Every structure is written in C-alpha cells, then in structure tokens.
Amino acid sequence: MTAMEDVEGLVMAAGSGLRAGGPIAKQWIPVDGLPLFLYTAERLRAYGMTRIILVVRAQDIERVQALVDRVNGTAVYQVVSGGQERQASVWAGLKAAIRPF
C-alpha cells in the first residue's frame with residue numbers, strides 16, 4: 001500500500017478511563033506490547049496516514065512523547081494536550097491538524 005497524501009488522523013487518548021472501570025486508564029492497556037492509543041496510531045500509520053496527532057492528558061505529554069520517541073522516533077506523530085471534556089480534546093486535535101508541526 002502506498003502512502004496517502006496529506007491524510008491526518010486523530011487518536012483521542014486524553015480520557016480518565018473511568019468508564020472502563022479498570023485499574024488503569026484504558027488508553028494505557030497494553031495490546032501487542034504497546035499502550036492501546038499507540039497501537040491504534042501504529043495501525044493508522046501502517047495504512048498510510050501521513051500525520052497522526054495523539055491527543056493526551058496534559059500530565060501525560062512528556063510520558064507519551066518519550067514513548068513515541070523510543071518506539072517509533074518518526075516525525076509522523078504530534079502529541080498535544082487534550083481538554084477537560086472530550087469535545088475540548090477533539091477541538092485541540094483539530095486545531096493541531098490545521099497547523100504545521
């Protein structure tokens with residue numbers, strides 16, 4: 001499969017995970033050795049997304065950036081801070097999508 005031109009994806013991972021009811025937020029549940037949000041992002045990247053914006057909780061930005069650098073290290077990912085509510089997080093991701101890295 002060839003890479004798509006200018007196709008961006010948002011991965012929403014800024015939630016508290018309360019509805020999942022587990023001991024950790026669901027975005028951090030491991031799938032094939034990666035946290036769920038990064039597993040999802042890697043699947044999008046494998047299908048040719050040219051830019052993936054990870055929207056995470058403010059307190060997780062450094063942790064997520066370090067993980068992205070260690071696992072992938074490409075410029076495909078941008079990590080941005082989400083908001084208090086899901087709609088604020090989506091808005092933060094959309095705003096990031098209209099600005100260059």
Side-chain angles (χ1 to χ4, degrees):
M1 176 175 277
T2 61
M4 299 176 217
E5 289 187 35
D6 299 324
V7 177
E8 300 180 20
L10 296 179
V11 176
M12 307 309 298
S16 63
L18 292 175
R19 289 181 297 168
I24 62 172
K26 67 182 171 190
Q27 63 266 32
W28 291 101
I29 294 171
V31 176
D32 283 344
L34 295 174
L36 182 60
F37 71 91
L38 194 53
Y39 176 84
T40 301
E42 281 293 299
R43 299 288 26 100
L44 293 174
R45 190 175 70 81
Y47 282 108
M49 292 262 175
T50 55
R51 182 173 170 211
I52 299 165
I53 300 164
L54 302 172
V55 183
V56 302
R57 297 184 307 173
Q59 63 264 35
D60 289 337
I61 286 184
E62 288 182 23
R63 179 181 177 195
V64 170
Q65 189 62 60
L67 181 62
V68 165
D69 292 344
R70 181 173 54 84
V71 170
N72 190 293
T74 73
V76 172
Y77 294 108
Q78 180 179 3
V79 181
V80 300
S81 178
Q84 290 293 327
E85 305 281 331
R86 184 169 183 86
Q87 61 267 28
S89 294
V90 171
W91 181 239
L94 290 172
K95 287 191 301 187
I98 60 172
R99 291 188 218 134
F101 280 26

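Hydrogens, waters and symmetry mates play no part in the numbers below; they use all other heavy atoms, side chains included. Worth saying up front: this structure is predicted, and the values here are computed from it rather than measured.
Taking a 6.0 Å sphere around CD of Glu85, one finds it holds 12 or fewer heavy atoms contributed by other residues, nucleotides or ligands. Within 6.0 Å of the CD atom in Gln59, the count of heavy atoms belonging to other residues, nucleotides or ligands exceeds 12.
Separating the CZ atom in Arg45 from the CZ atom in Arg51 is a distance of 16.0 Å, to the nearest 0.5 Å. In this structure, the separation between CD1 on Ile98 and CG on Leu94 is 8.0 Å, given to the nearest 0.5 Å. Separation of atoms CH2 (Trp28) and CG (Leu67) is listed at 6.0 Å; rounding is to 0.5 Å. Distance check: Ile29 CD1 to Leu34 CG gives 14.0 Å after rounding to the nearest 0.5 Å. Rounded to the nearest 0.5 Å, atoms NZ (Lys26) and CG (Leu36) are 8.5 Å apart.
The side-chain heavy atoms of Glu42 and Phe37, taken from C-beta on, include no pair separated by under 4.5 Å. When side chains are defined from C-beta on, Val56 does not count as touching Ser81, because their heavy atoms never get closer than 4.5 Å.
Gln27 places a side-chain N or O within donor-acceptor distance of the main-chain N or O of Gly15, the cut-off being under 3.5 Å.
Summarising the geometry of Val55 relative to Ser89, their closest heavy-atom pair is CG1-O, 3.5 Å, with the distance given to 0.1 Å.
Taking Gln65 as the reference, Val68, Asp69, Val79 meet the side-chain contact (heavy atoms from CB on, under 4.5 Å) condition, with sequence neighbours excluded. For Ala41, the side-chain contact (heavy atoms from CB on, under 4.5 Å) partners are Val11, Leu38, Ile52, Leu54, Tyr77, not counting sequence neighbours.
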Given Met12 and Arg86, is the side-chain contact (heavy atoms from CB on, under 4.5 Å) satisfied, shown in steps? CA-CA 8 Å; Met12 307 309 298; Arg86 184 169 183 86; 3.7 Å; yes
